[in-house]
There are 2 protein chains.
Amino acid sequence: MQAIRRDVFQAIADPSRRDMIRLLSRKPMHLNEIAAHFDMSRPAVSKHVRILTECGLLQISNQGRERHCSLNTAKLREVDRWLNQYRHFWNRKLDALEKHLDNMPDPFPEP
Amino acid sequence: MQAIRRDVFQAIADPSRRDMIRLLSRKPMHLNEIAAHFDMSRPAVSKHVRILTECGLLQISNQGRERHCSLNTAKLREVDRWLNQYRHFWNRKLDALEKHLDNMPDPFPEP
DNA sequence: TATTTACGTAACCATACGGTTACATATATG
DNA sequence: CATATATGTAACCGTATGGTTACGTAAATA
């Protein structure tokens, strides 16, 4: 269907997809549940979900006939890392603290 | 030429434009200087510059026949603010510190 | 003044995007 | 088994995107 450049930056470029991200950050939903929140056809939602999935922002687990969509927030770190190189421009105080934090052990290590 | 949705998210969706942002974060350049760094025609660069300008990421000052392009990093804060609502998902330690920082006076106040 | 330089702009092109309707398929449920 | 439900997929459509070439124009320079 649609293909080629499928990265996080392109995924969050669309306002509807940003809305979906926000929606799914509250709680995981199946596809129809998502579609109910949007003023567009279900196939259109399906396409957006596919795009979000293809770039790793969404994880889908099939539960019977339902497709359970849950947000993979870790993927947004890519955007955050990209912003990191500019953040010092507008927030020197945070920048200084990030450097400090980089030398600290992670209090919430992931397995 | 091109119109409609012109926001920061759409602007940074294109990898070439992200490259231009990085390039201009080092130092301001005029248009031909930018074009020299890219494997595309000058009008193509001109279009990208126009898009970046239209969404406020670039400021252009005419210096004679040259167009001096300088990055407006403040516009990237929009993306940063959007990310803020998700950052706690992957970085609790930074989140906690941001809250702390919000209560601190800005050591680098802008006039 | 003539010419080079640094751009903008218009017209065009192939393809991507975001949406639709219509239909197919797999799973629950009566 | 028949049917309703949850979803995928295909075909289509108008417009946006990202690029090109060709040409126009204002400012610097010879």
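Reminder, nothing fancy here: chain letters follow the sequence lines and each chain counts from 1. Quantities reported herein were computed from a predicted structural model and do not represent experimental measurements.
In this structure, B:D80 pairs ionically with B:R87, as a charged nitrogen and a carboxylate oxygen lie closer than 4.0 Å.
Between the NZ atom of B:K47 and the P atom of D:dA22 there is a distance of 16 Å, rounded to whole Å. As rounded to whole Å, 9 Å separates atom C1' of D:dA16 from atom CZ of B:R6. Rounded to whole Å, atom P of C:dT5 lies 20 Å from atom CG of B:N62. The CD1-C1' distance, from B:I12 to D:dT17, rounds to 17 Å in whole Å. Between the CD atom of B:E54 and the P atom of D:dG18 there is a distance of 13 Å, given to the nearest Å. Taking atom CZ on A:F38 and atom C1' on C:dT20, their separation rounds to 18 Å, with Å as the unit. Regarding B:R67, its CZ atom lies at a distance of 8 Å from the P atom of C:dC7, rounded to whole Å. Taking atom CZ of B:R50 as the reference point, atom C1' of D:dT17 lies 14 Å away to the nearest angstrom.
Residues satisfying the side chain to side chain contact (heavy atoms under 4.5 Å, CB included) test with A:A44, not counting sequence neighbours, are A:M40, A:S41. Every salt bridge (Lys or Arg N to Asp or Glu O under 4.0 Å) that B:R22 has, sequence neighbours left out, goes to B:D19.
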Exercise. Treat primed atoms plus P, OP1 and OP2 as sugar-phosphate and everything else as base, then score nucleotides 21-30 of chain C 5' to 3': B for base contact with protein heavy atoms under 4.0 Å, S for sugar-phosphate contact only, - for none.
Key: BB----BS--
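Residue pairs meeting the salt bridge (charged side-chain N to carboxylate O under 4.0 Å, His left out) criterion with at least one partner in residues 26-42 of chain A, sequence neighbours excluded, are A:K27-A:E33.
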Side-chain atoms of residues 55-62 of chain B: list all donor-acceptor pairs with protein atoms under 3.5 Å, sequence neighbours left out, distances to 0.1 Å.
| unit_1 | atom_1 | unit_2 | atom_2 | d |
| --- | --- | --- | --- | --- |
| B:N62 | OD1 | B:R67 | NH1 | 3.2 |

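There is no side-chain donor-acceptor pair under 3.5 Å between A:N84 and A:R81.
For the segment residues 19-31 of chain B, the set of residues with a heavy atom within less than 4.0 Å of an atom of DNA chain D is empty.
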